[in-house]
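I have placed the structure first, in the form of structure tokens, so that the comments after it can refer back to it.
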Protein chains: 2
Amino acid sequence: MQCCWQNQTLICDGVTLSRVLKPNPKTLGKPATIKDVASHAGVSYQTVSRVINEHPAVKAATRVRVENAIRVFNYHPNGAARSLVSQRSTTLGIISFGTAFYGPSQMVASIEQAARGRGYGLSYANLAALSISELTDAIKTLRRQNVGGLLIVAPLLEVETASLDNLYKNLPFVLIDAETSAKHPFSAIDQFAGGRLSAEHLIALGHRKIALLSGPQTWYDAKLRNKGWRTALHNAKLEPVQDVAGNWSAGSGYQVTKQLLEHHKFTGLLVGNDQMALGALRALHEHGLRIPEDVSVVGFDNMPETAFFEPPLTTIEQDFASLGQRCLEQLIALIEKPELAPRMQVIVPKLIVRSSTDVPKTQPSAVKVKN
Amino acid sequence: MQCCWQNQTLICDGVTLSRVLKPNPKTLGKPATIKDVASHAGVSYQTVSRVINEHPAVKAATRVRVENAIRVFNYHPNGAARSLVSQRSTTLGIISFGTAFYGPSQMVASIEQAARGRGYGLSYANLAALSISELTDAIKTLRRQNVGGLLIVAPLLEVETASLDNLYKNLPFVLIDAETSAKHPFSAIDQFAGGRLSAEHLIALGHRKIALLSGPQTWYDAKLRNKGWRTALHNAKLEPVQDVAGNWSAGSGYQVTKQLLEHHKFTGLLVGNDQMALGALRALHEHGLRIPEDVSVVGFDNMPETAFFEPPLTTIEQDFASLGQRCLEQLIALIEKPELAPRMQVIVPKLIVRSSTDVPKTQPSAVKVKN
DNA sequence: GTTAGCGTTGTGATCGTTCACAAAACAGCG
DNA sequence: CGCTGTTTTGTGAACGATCACAACGCTAAC
């Protein structure tokens, strides 16, 4: 190989390899641009653009030269410039609510995973409260980030969504685990099926006195799970002993169960999520009741801790990873070819049986056996 | 008020209020731009820019007219164009790891909250594994989103961070709860102090045989908590009965405690987080040990569920909200006036005493009392 | 030796906004 | 009225990339 410096330019076998950088005072300190890379590699900026976009029409030797220059300058393409001119964005927005709870936080994590795999970034906004003003604020924030679409992991009622049509304008979105309707595209885990599954489990074991401890009825999930429970009970010609609601937290599960025990007798307890179930277990224990001998308990979510509750909890497992994957694909389809995008997708959950449920061993009532 | 339409223009009291929109076929369907708004309000685009940036030099009447036009067009400023020309970004990147665990997920949530309050958006990347390639990938993804800085909630060792200097170039960042060093700016909760606090609590109660159940030693937090425990023990002239590690999960807490119980006797157990403590409680129960009579247990994190464990868990509370706030301010300072930004910030955690700890009532050993 | 065709590279316009500066409008004062 | 100073508004040039198109250098065919 024959190399020589000629006029501040390194030439090997007749090919310009690199030029001496003249540190432009205006450019100093700023991140490198496509033009810096281009002049260093001795090509036009368009060629550099082709290399970073993996366009095939670039000679191998040129590509190598450009790639070297990119490395030398630590060049990163400027996303703002890119999405400004190309009129599309590689960022999606995600709006979530209640990330202190297992379900929502798992959904966000799995969606992020899926998005990065597909080359999309994620802009994140968590709602501090379930109000229109918070939602408006979140959408505005995300719009400013120039997101190409929205994934909404929040139990919003359709009314609320509809009232925001203006905000959503020109911005495709997918509702996740929210009010079902044919009006807006959505993805969800079939909470109704999950509810039925857990109630049918207790019924099959022989329970006749079953109490319901729902999540907050402002949440779509909570309502549907409840509906699933009631449908299964109804099919077995049973009425719930009582139907109460907590706020998803272990604390509320504890308190509501305590109240429940004062006035009602039951051998089965269906709970809206695992965290409330934890509180319920504690209240039952304090009341001197054994689980599952006196009362069988079923949770919802299958968070990893439930296997170590006292006793290990029977619960419903939801496949969040595949939900994340699917709703992402749905949104991308909606952006790229709206007419072909699926309107709705539903995933069926699974029953996980552990030792918190068994056939009712005591009389069909919750006997007080204060130790 | 005198209003009339004149030449397709609405004029009230001599002031042009709005013009009829001529739907430009090229503009059709696309989101409105600053120019659409300007021509509708009868001003120049610069004036519109002034209004959306709350510049004071705009006459009240003009401002109202522009704001109306903005509403009419459902105009949202284009963030890409904005950050392209102004060379700054209102988006920050957050890199997290282990969001299945309480600590990391709380930090992310509180940082997002703080960011939106300060007018910043957040781009989110969660590491699937703690590897250089994952981190590299995440940083590249965030760079493409044109983030103005990085918040890194990951227990990276300094070595790893340093090896990425190139990737971080021109991009200010704050490490959160990561390897301390004067080299990079960071914010953290004082895990060492937390560790000492919990160990000193057991020692003050009179425990002499104390076992340690740490988190994974690849995590900075786990190492420092362990160091805190050991320092407190050392100061009391004690040696840990045994020092073992889990992987933060309840399952690992359960298994490791089972092994521990086969070979060692202790009256106190210090655990690296609440989830492992849950598993440990279960293992102790299965072994026929009473808590706190036979063994006292201290967790770490104070996740809301711990108050409903069997028994309610003594643990260490960390103020994630104020950590989020502070590290955000630190990053913003780093971006806006680097020379004035604080290098490091540390928040001291708090002991929460519940019923899982008490004075040792049995002989100073873990007696097997299989029921 | 033209001409056509292909692979490769370069040029000018463009995206929607902000910035620096200039110009207009208005008020106050002698 | 003319001068000055302060508001208020407008103009041209950037920012860093992509897109559409044009032009170049080869090889192959007539």
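Quick note on labels: first sequence line is chain A, next is B, and so on, each numbered from 1.
- Protein atom NE2 of B/H76 is 21 Å distant from nucleotide atom P of C/dC15, rounded to whole Å.
- Atom CD in B/Q87 sits about 8 Å away from atom C1' in D/dG16, given to the nearest Å.
- Following rounding to the nearest Å, B/E54 (CD) and C/dT18 (C1') show an atom-to-atom distance of 16 Å.
- In terms of phosphate contacts, B/T47 brings a side-chain nitrogen or oxygen within less than 4.0 Å of OP1 or OP2 of D/dG10.
- Regarding contacts with the backbone of C/dG10, a side-chain N or O of A/S44 is found under 4.0 angstrom from either OP1 or OP2.
- The listed nucleotides are D/dT9, C/dT17, D/dA17; the one nearest the side chain of A/I34 is D/dA17.
- Put simply, B/N78 has no side-chain N or O that comes within less than 4.0 Å of OP1 or OP2 on C/dC15.
- For B/R50 against D/dT9, a side-chain-to-base donor-acceptor contact under 3.5 Å is present.
- Counting non-hydrogen atoms under 4.0 angstrom, B/Q46 reaches a base of the nucleic acid.
- Under 4.0 angstrom from either OP1 or OP2 of C/dA13 there lies no side-chain N or O belonging to A/Y45.
- The nearest whole Å value for the distance from the NZ atom in A/K59 to the C1' atom in C/dT9 is 10 Å.
- Side-chain polar atoms of B/N146 and B/S89 form no donor-acceptor pair below 3.5 angstrom.
- With 3.5 Å as the limit, one finds a donor-acceptor pair spanning the side chains of B/N68 and B/R71.
- D/dA17 atom C1' lies 9 Å from atom CG of A/N53, rounded to whole Å.
- A donor and an acceptor atom, one from each side chain of B/N78 and A/R143, are nowhere located under 3.5 Å apart.
- The shortest distance between side-chain heavy atoms of B/E67 and B/R63 falls below 4.5 Å.
- Taking the charged nitrogens against the carboxylate oxygens, A/R116 and B/E134 do have a contact shorter than 4.0 Å, which makes a salt bridge.
- The side chain of B/P77 sits closest to C/dT17 out of C/dG16, C/dT17, D/dG16.
- Taking the nucleotide of DNA chain D with the nearest heavy atom to each of B/A60 and A/T33, the more 5' of the two is matched to B/A60.
- In this structure, CD1 of A/I52 is placed 13 Å from P of D/dG16, rounded to the nearest angstrom.
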#### Entry: salt bridge (Lys or Arg N to Asp or Glu O under 4.0 Å) between B/R118 and B/E329, worked out
CA-CA 9 Å; B/R118 288 286 259 113; B/E329 294 303 334; 2.9 Å; yes

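- Of the listed nucleotides (D/dG16, D/dT9, C/dC19), C/dC19 has the atom at the smallest distance from the side chain of B/R88.
- At C/dC19, none of the side-chain N or O atoms of B/S49 fall inside 4.0 Å of OP1 or OP2 (strictly under the cut-off).
- A/R63 comes within 4.0 angstrom of no nucleic acid atom, judged by non-hydrogen atoms across all strands.
- Residue A/T62 has a polar side-chain atom (N or O) positioned under 4.0 Å from OP1 or OP2 of C/dT9.
- Taking atom CG of residue A/N146 and atom P of nucleotide C/dC15, one finds them 15 Å apart after rounding to whole Å.
- We find that CZ of B/R144 is positioned 16 Å from C1' of D/dG16, with the value rounded to whole Å.
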